[in-house]
Amino acid sequence: MTITDLSKYHLIRIEIEQLDNIIKDFEATLLSSSKIQEVISSTNNNSNPTETLALKLTQLKNELIFKKRKLTDENIKIENFLATVDDVEIRIIIRKRFLEGKTWQVIAEELNMDRTTPYYKLNKYLGDESKNDKKGIGSI
């Protein structure tokens, strides 16, 4: 796991929330129109503009759900990695930076460290983990 991988965590959570909102909007659009529901249930002919719209909305909703699943898988990978971190200080740094979205400066102040120390500690930890993984000692 790298700092770049961990940096995705906060953005993934934001994107999942956005996708949830878009999906809810599509569902509301589809369900609020009884005409669309009638057309979907009564025919498979794409010549009706209302049906075409309903089919496109349904297809887009399915694509968004698929993307949400992929993002959720990425999110789970990061959560699983966090569960493997034995060093309490590193877990705190990861949570503050990547889950809470705090700056390195704020993290350093909260942990009574120099401004760059949390970054370097995390970078060293991730580097050490990577070396252990290459030697077959550990897994990230």
**Q** What about V88 and L82, same hydrophobic cluster or not, with Ile/Leu/Val/Met/Phe/Trp/Tyr joined at side-chain heavy-atom distances under 4.5 Å?
**A**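 Yes, V88 and L82 fall within the same hydrophobic cluster.
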**Q** Shared ILVMFWY cluster between L19 and I65, side chains joined below 4.5 angstrom?
**A**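 Linked, L19 and I65 end up in one cluster.
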**Q** What's the separation between atom CD in E79 and atom OG1 in T72, rounded to the nearest 0.5 Å?
**A**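 Here the interatomic distance stands at 11.0 Å.
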**Q** Is the count of non-hydrogen atoms from other residues, nucleotides or ligands lying under 6.0 Å from K77 atom NZ greater than 12?
**A**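 No, because the 6.0 Å sphere around NZ of K77 holds 12 heavy atoms or fewer from other groups.
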**Q** What do the steps show when you test L99 against Y9 for side-chain contact (heavy atoms from CB on, under 4.5 Å), and what is the final call?
**A** CA-CA 7 Å; L99 279 65; Y9 182 86; 3.3 Å; yes
**Q** Hey, could you give me each pair passing salt bridge (Lys or Arg N to Asp or Glu O under 4.0 Å) that has a residue in residues 84-95? Not counting sequence neighbours.
**A**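 Qualifying pairs: E89-K121.
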**Q** Test of understanding: clusters of I, L, V, M, F, W, Y form through side-chain heavy atoms closer than 4.5 Å, transitively. Do I3 and I92 belong to the same one?
**A**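 Result: yes, single cluster for both.
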**Q** Would you compute the distance between atom CD1 of I93 and atom OH of Y119 and round it to the nearest 0.5 angstrom?
**A**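 Interatomic distance, I93 CD1 to Y119 OH, rounded to 0.5 Å: 12.5 Å.
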**Q** Given side chains that start at C-beta, do those of E74 and I78 come closer than 4.5 Å, heavy atoms only?
**A**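 No, every pair of side-chain atoms sits at 4.5 Å or beyond.
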**Q** Just how far is it from atom CZ of F98 to atom CG of L6, taken to the nearest 0.5 Å?
**A**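 Nearest 0.5 Å value for the CZ-CG distance: 5.0 Å.
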**Q** Mind checking whether R97 and L122 have side chains closer than 4.5 Å, heavy atoms only?
**A**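 R97 does not reach L122 side chain to side chain.
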**Q** Is the number of heavy atoms from other residues, nucleotides or ligands within 6.0 Å of CD (E17) greater than 12?
**A**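 Check fails, neighbour count at 12 or below.
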**Q** For the residue pair L111 and T117, establish whether any side-chain heavy-atom pair is separated by less than 4.5 Å.
**A**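 No, side chains not in contact.
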**Q** Can you tell me how far the OG1 atom of T4 sits from the NZ atom of K8, to the nearest 0.5 Å?
**A**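 Interatomic distance, T4 OG1 to K8 NZ, rounded to 0.5 Å: 7.5 Å.
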**Q** Just verifying a value: how many Å separate K96 NZ and T103 OG1, rounded to the nearest 0.5 Å?
**A**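 If we round to the nearest 0.5 Å, K96:NZ and T103:OG1 are 11.0 Å apart.
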**Q** Does I76 belong to the same Ile/Leu/Val/Met/Phe/Trp/Tyr cluster as F81, with side-chain heavy atoms less than 4.5 Å apart forming each link?
**A**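 In one cluster: no.
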**Q** Look up atom CD1 in I22 and atom NZ in K68, then write down how far apart they are to the nearest 0.5 Å.
**A**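 Between I22 CD1 and K68 NZ, I get 11.5 Å after rounding to 0.5 Å.
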**Q** For P118, run the side chain to side chain contact (heavy atoms under 4.5 Å, CB included) check against I107, N123, I90 and tell me which one passes.
**A**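 For P118, the side chain to side chain contact (heavy atoms under 4.5 Å, CB included) check succeeds only for I107.
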